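The block underneath contains the structure these notes are about, expressed in structure tokens.
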2 protein chains.
Amino acid sequence: MSTKLPECGVARFLVLLEGPWATLIVRELLAGTRRFNELRGALPGISPHTLTSRLRKFETYGIVTRTIYAEVPPRVEYELTPLGYEAKAILDAMAVWAVAVPDPASVE
Amino acid sequence: MSTKLPECGVARFLVLLEGPWATLIVRELLAGTRRFNELRGALPGISPHTLTSRLRKFETYGIVTRTIYAEVPPRVEYELTPLGYEAKAILDAMAVWAVAVPDPASVE
DNA sequence: CTGTATCCCCTGGGATACTG
DNA sequence: CAGTATCCCAGGGGATACAG
């Protein structure tokens with residue numbers, strides 16, 4: 001990120017899971033190994049551009065592994081590393097809390 | 001956010017705490033009531049523009065209250081609502097996990 | 001002090017087309 | 001199937017100046 005955020009754990013998290021799709025991709029992988037197009041299908045609206053971009057970033061941070069099977073047609077599987085799986089508790093907590101927050105649209 | 005994300009709890013969270021500063025502001029308020037300039041001082045680099053923008057959004061979602069004291073000079077205090085405080089566990093978890101993730105810069 | 005108003009930049013993300 | 005390459009857009013965010 002261009003913005004220089006303060007040095008704290010939360011900021012590290014924000015840089016890693018930057019952007020609206022990042023967290024959703026991790027969430028999808030939480031359910032198990034996924035192939036490129038399986039992820040696309042599970043994330044309606046995401047473009048291959050974005051998906052590739054996020055996946056590559058996760059790889060460099062070591063929270064996702066990319067396994068290539070030299071077959072025809074080619075097959076590539078993405079899977080969370082143990083470290084990646086540990087994010088599950090956080091995503092679950094995020095979902096629970098967010099649902100409790102009232103929707104301003106329904107209020108105003 | 002312009003992007004239409006899937007309908008799930010995690011997505012709600014992402015929309016609400018959109019942007020790198022949002023979460024950090026909540027984190028700061030977790031420590032207690034803060035005035036506008038106290039937040040600015042605690043968040044080096046944030047512009048009044050951004051701070052105001054995020055704070056207003058939090059208000060509309062009911063996770064932050066804005067109390068205005070008709071004094072001279074004017075004083076305005078921001079405080080998390082009980083609902084807002086409940087996000088503490090999530091931010092703590094985020095920080096713990098993120099610190100465990102290796103920094104790719106130090107690896108490459 | 002607490003914002004608001006402009007103007008500009010940057011990056012995530014979409015759309016589309018094309019390759020190994 | 002699994003990407004990569006372009007081009008474009010939206011909006012978060014910074015800087016600065018100004019207002020209540």
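Predicted model only: the values in this text are computed from it and were never measured. So that the names make sense, note that chain A is the first sequence line, chain B the second, and so on, each numbered from 1.
Legend: ring-ring contact (aromatic ring centres under 6.0 Å, His included) pairs involving residues 10-55 of chain A, not counting sequence neighbours, sorted by first then second residue: A/Phe13-B/Trp97. The stretch residues 82-93 of chain A participates, sequence neighbours left out, in these salt bridge (Lys or Arg N to Asp or Glu O under 4.0 Å) pairs: A/Lys88-A/Asp92.
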Just the atom pairs and distances: protein N or O near nucleotides 15-20 of chain D's N or O, under 3.5 Å.
none

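Protein atom CG of A/Leu51 is 10 Å distant from nucleotide atom P of D/dA2, rounded to whole Å. Distance A/Glu18 CD to C/dT11 P: 9 Å, rounded to the nearest Å. Counting to the nearest Å, the C1' atom of C/dT19 and the CZ atom of A/Phe36 are 14 Å from each other. The interatomic distance linking B/Glu59 (CD) with C/dG3 (C1') rounds to 12 Å, in whole Å. Here the C1' atom of nucleotide C/dG3 and the CG atom of B/Leu55 are 11 Å apart, to the nearest Å. The separation between B/Leu14 atom CG and C/dG12 atom P is 15 Å, rounded to whole Å. Between the CG atom of A/Leu17 and the P atom of C/dG12 there is a distance of 13 Å, rounded to whole Å. Atom CZ in A/Arg56 sits about 17 Å away from atom C1' in C/dG12, given to the nearest Å.
B/Asn37 comes within contact range of at least one nucleobase, with a heavy-atom separation under 4.0 Å.
Qualifying side chain to side chain donor-acceptor pair (under 3.5 Å) partners for A/Ser47, counting only residues two or more places apart in sequence or in other chains: A/Thr50. With sequence neighbours excluded, the residues satisfying side chain to side chain donor-acceptor pair (under 3.5 Å) with A/Arg75 are A/Glu71, A/Glu77.
A/Ile25 is not listed as a side-chain neighbour of A/Val64, based on a closest heavy-atom distance of 4.5 Å or more.
Using a 4.0 Å cut-off, no side-chain N or O of B/Arg66 falls inside it from OP1 or OP2 of C/dT2. A/Thr50 has no side-chain polar atom (N or O) that falls below the 4.0 Å cut-off from OP1 or OP2 of C/dG12. Neither OP1 nor OP2 of D/dC1 sits under 4.0 Å from any side-chain N or O of A/Arg35. Regarding contacts with the backbone of D/dG3, a side-chain N or O of A/Tyr78 is found under 4.0 angstrom from either OP1 or OP2.
In this structure, B/Arg40 contributes its side chain and B/Arg35 its backbone to no donor-acceptor pair below 3.5 Å. Panel note: side chain B/Thr65, backbone B/Glu79; a donor-acceptor pair is recorded below 3.5 Å. Counting only distance, with no hydrogens or angles, the side chain of A/Arg12 and the backbone of B/Val101 share a donor-acceptor pair below 3.5 Å.
Residue order along DNA chain D, read from the 5' end via each residue's closest nucleotide, puts A/Pro73 first among A/Thr52 and A/Pro73.
In the helix from C/dC1-D/dG20 to C/dG20-D/dC1, the rotation axis of the first five pairs and that of the last five pairs differ in direction by 50°, rounded to 10 degrees.
For the atom pair OG1 (A/Thr23) and CG (A/Leu30), the distance works out to 11.0 Å, reported to the nearest 0.5 Å.
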